[in-house]
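First comes the structure, then the notes that go with it.
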Amino acid sequence: TGEGRGEELGLALANRSAVLAQGKEFRLALQDISLAFLAGYPGDLAYKLHERRAKCLKELGDYGSADFSARECFESITGAKIDNEKKEKLMENIKKFINDLPKDPGTTATDVDSESSVLLPRIANPNKQFPAFSDAIELKYEEGRGRFGVASRDIKLGELLCVEKPPVFYLHEETSGVNCSNCFRESIAPLPSPTCTQTVFCSRVCQTEAMATYHVVESKFMDVLFQHGLKKKEWFLALRAVTLKPLSFFLENVDKYESHNPDHGLEKTSMDLYKTEDFSSLYNLVGHHEMWEWRDHAYKAFFALFFVRCLQKSNYFGAAQSKDFQLSDEELLVGSLMIHVMEVATMNSHEIGQMEAERGQNWLLGQTVPVGCALEPTLVLLNHACDPTMIRVNIGVSTAGFASRNIRKGEEITDCYSWPFDITKYEDRSPDLLKKYKFQCGCIACKEKWVTFHDLPRSFNDVPDDKINFSPEDLPHVQGKMMNVQKLGSKINQLQQKDDFDGAMSLYGEFNAAIQQLMAPPHQFYVIARRSYASCLWVKYGNKIRRDNN
């Protein structure tokens, strides 16, 4: 129903709980049982759910709670609309169930809501002014270059450099109804939205968070929104940036958004924390307004007006809402803010993905596919490189960044905004970066026009002379070093085939060092190591799901 209640919904949730319990998804079954009662499950059938809950709790080792639920079942049998003979038989079965329970109360079963919180890795020593970064990253600003990060000390491969939960995120239309709108994770037993049919949640925690912020507003026009035809999916982040906050927030802070500050967070007079959740951090990201063509400005204005009309449908503007085609000052303010965030999102948004592999398939054969997008005001301060020094992994809607190799003190920390050099040719990626992000990439992969993976050197014999890292005096030892690289690579592969990804990751530092003793990049060995290490990080930390192989 519209309020998430009703006997039919209660019966549907109860039936699904039976299927989940049969499939040994006991925590999900417990969630559906609780929701069925909240929805208005018929009282005369309550004994069925109490019994199912008791059995699920027993399977989870929570014998104390199982005993309590079994006694609730016993009491509710009296109100059941069944004949006395069946009641007596049920009571006997429940008494036997209680007597057979271990006397030890066992462990307390955690419910789905407890497990729904996304556990993020923690940075050991956060940056004092930019807490989403490690203190291994120092932020700088240069005119014409903007804000960027450099290593404040030597950094080792795999070191955690950034953990950020985005203030603004949006699930793609294609995955809406499958993935949770609030954390982007899939669930085999999603919860429906109480206010629309296009959205689901993985748990009551996510449902409650969404209902307290953006979802109540957006659900009023979700049906219209999904017929938009908007190709720039990141522009939905502009709408979400508004629906997350009441109109009063923008009216009270309008003075803060009259001008754009390109060195926000690095002003010499400022000692304030650069906070991810601060709207000013998002607002002051690069948008390159002056570099957009007039056609693009018109397109943005058209969709900003469309978004304003959507907000009107949900009565977002309240008493300030216009009554005719002429927009009110408040609507114009919100519309102009959305246009600015569209520009910011185009230059700075990241895709949020999940790793997918068929059941029984090794995770290394899986593919990472996008499910949504997000704006991370701290992470995007890092500049682009086609051979980046950082690997991004999505955990829920959040992102963790890890060093992709050893990084020397003073070296720039870089992300990859688009495709890396090993996938896309220089002739294709360079104009693409210039068109979308308004800059000419000057990374070493572009300066030297590194070729894509299949055209890279693939053996020791293919290495060009200028990339060899040993002298003639080292020749007697080269054969042994080559053997060591092959031995380490084989060992890593064996561990990965056994799903021992932690063991494999522990050898990558030694493997990279062994390669560096022989040659400098680019080489297939370097690319394979980066890709493989990234897969290990996704398996250990990232969003992932198994698909049926059909």
Side-chain angles (χ1 to χ4, degrees), residues 120-121 123 134 136-137 155-164 184 350-357 361-371 374 376 379-380 382 384-407 411 413-424 429 443 445 450 452-454 456 488-489 491-516 521-546:
L120 300 174
I123 297 172
S134 159
I137 298 180
I155 297 171
K156 289 191 175 296
L157 165 74
E159 185 173 334
L160 182 61
L161 300 177
C162 178
V163 178
E164 187 167 29
F184 289 12
H350 284 134
E351 286 186 337
I352 302 296
Q354 66 184 17
M355 178 181 274
E356 298 182 358
Q361 187 181 52
N362 189 281
W363 281 113
L364 291 180
L365 299 176
Q367 298 290 325
T368 303
V369 298
V371 296
E376 296 120 333
L379 181 61
V380 299
L382 302 178
H384 165 86
C386 299
D387 184 31
T389 57
M390 189 181 71
I391 295 169
R392 281 186 279 116
V393 177
N394 299 133
I395 310 168
V397 296
S398 301
T399 299
F402 301 85
S404 63
R405 57 174 173 81
N406 291 338
I407 306 170
E411 189 176 353
I413 311 295
T414 54
D415 187 16
C416 185
Y417 296 175
S418 186
W419 297 108
F421 83 91
D422 49 288
I423 292 179
T424 306
R429 70 176 188 271
C443 72
W450 289 0
T452 53
F453 179 78
H454 292 293
L456 286 172
L488 285 167
K491 179 64 175 175
I492 289 171
N493 182 259
Q494 290 173 14
L495 291 169
Q496 289 172 331
Q497 294 303 321
K498 296 176 182 178
D499 289 342
D500 184 1
F501 294 99
D502 282 328
M505 289 170 66
S506 69
L507 295 177
Y508 274 102
E510 188 179 350
F511 181 71
N512 272 5
I515 299 174
Q516 289 169 3
H523 193 282
Q524 284 192 1
F525 286 179
Y526 280 103
V527 176
I528 291 170
R530 172 170 55 78
R531 291 180 181 180
S532 182
Y533 191 75
S535 294
C536 290
L537 288 170
W538 272 91
V539 172
K540 182 172 182 177
Y541 298 104
N543 303 327
K544 55 185 183 292
I545 191 165
R546 294 284 189 185

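With sequence neighbours excluded, no residue satisfies side-chain hydrogen bond (donor to acceptor under 3.5 Å, both in side chains) with Trp363. Annotation: salt bridge (Lys or Arg N to Asp or Glu O under 4.0 Å) contacts of Lys491 (sequence neighbours excluded): none. By the salt bridge (Lys or Arg N to Asp or Glu O under 4.0 Å) test, Asp499 is found to be paired with no residue, residues two or more places apart in sequence or in another chain being considered. Under the rule for a side chain to side chain contact (heavy atoms under 4.5 Å, CB included), the partners of Ser134 that lie at least two apart in sequence or sit in another chain are Ile123, Ala136, Arg153, Glu159. In terms of the salt bridge (Lys or Arg N to Asp or Glu O under 4.0 Å) criterion, Arg546 has no residue partners (sequence neighbours excluded). For Cys443, the side chain to side chain contact (heavy atoms under 4.5 Å, CB included) test picks out Ala385, Cys386, Cys441, Ala445, Cys446, with sequence neighbours left out.
Taking the ring centre of Tyr526 as origin, the terminal cationic atom of Arg405 falls outside the region bounded by 6.0 Å and 45° from the ring axis.
For Gln524 (side chain) and Phe453 (main-chain N/O), a donor-acceptor pair under 3.5 Å exists by modelled atom type. Put simply, the side chain of Asn512 never gets that close to the backbone of Asn406: no donor and acceptor are under 3.5 Å apart. For Glu351 (side chain) and Pro370 (main-chain N/O), no donor-acceptor pair under 3.5 Å exists by modelled atom type. The backbone N or O of Val539 lies less than 3.5 Å from a partner atom in the side chain of Lys544, making a donor-acceptor pair. A distance-only check finds a donor-acceptor pair linking the side chain of Ser404 to the backbone of Pro388 [under 3.5 Å].
At a threshold of 4.5 Å between non-hydrogen side-chain atoms, the residues Thr399 and His350 do not count as touching. Asn543 has its side chain within reach of Ile352: a pair of non-hydrogen atoms, C-beta onward, lies under 4.5 Å apart. Between Ile395 and Pro121 the shortest side-chain heavy-atom distance falls below 4.5 Å. Counting only heavy atoms from C-beta outward, the side chains of Val380 and Tyr417 never approach each other to under 4.5 Å. Gln354 is not listed as a side-chain neighbour of Asn394, based on a closest heavy-atom distance of 4.5 Å or more. By the 4.5 Å heavy-atom criterion applied to side chains, Met505 and Leu495 are not counted as neighbours. Residues His384 and Cys416 meet the side-chain proximity criterion, which asks for heavy atoms closer than 4.5 Å. Within the 4.5 Å cutoff, side-chain heavy atoms of Asp387 are placed close to those of Arg530.
Across all their heavy atoms, Val393 and Gly542 have their closest contact at CG1-CA, 3.6 Å. Closest approach of Cys536 to Tyr508, counting heavy atoms only: SG-CE1, 4.1 Å. Across every non-hydrogen atom of Ser535 and Met355, the tightest pair is O-CE, 4.0 Å. In terms of heavy atoms, Leu157 sits closest to Gly509 at CD2-N, 3.5 Å. Looking at every heavy atom in both residues, Leu364 comes nearest to Asn362 through N-OD1, 2.8 Å. Scanning all heavy atoms of the two residues, the minimum distance from Gly503 to Asp500 falls at N-OD1, 2.9 Å.
The CD1 atom of Ile407 sits 4.0 Å away from atom CD1 of Ile413, with the distance rounded to the nearest 0.5 Å. Between the CD1 atom in Ile528 and the CG atom in Asn493 there is a gap of 10.5 Å [rounded to 0.5 Å].
Ring centroids of Phe402 and Tyr541 are separated by less than 6.0 Å, placing the two rings close together.
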_Apply side-chain contact (heavy atoms from CB on, under 4.5 Å) to residues Ile137 and Met390 and explain how you reach the verdict._
CA-CA 12 Å; Ile137 298 180; Met390 189 181 71; 5.8 Å; no
*Given the rule in the side-chain contact (heavy atoms from CB on, under 4.5 Å) test, do Ile423 and Arg531 qualify, once you have shown the distances and angles that lead to the verdict?*
CA-CA 11 Å; Ile423 292 179; Arg531 291 180 181 180; 4.0 Å; yes
*Can Leu507 and Phe511 be said to form a side-chain contact (heavy atoms from CB on, under 4.5 Å), step by step?*
CA-CA 6 Å; Leu507 295 177; Phe511 181 71; 5.7 Å; no
*asked:* For Leu456 and His523: C-alpha separation, side-chain torsions, deciding distance, then whether side-chain contact (heavy atoms from CB on, under 4.5 Å) applies.
replied: CA-CA 6 Å; Leu456 286 172; His523 193 282; 5.9 Å; no
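Checked by atom type, the side-chain pair Asp422/Thr452 shows no donor-acceptor distance below 3.5 Å. Side-chain contact, Glu411 with Thr389: no donor N or O sits under 3.5 Å from an acceptor N or O.
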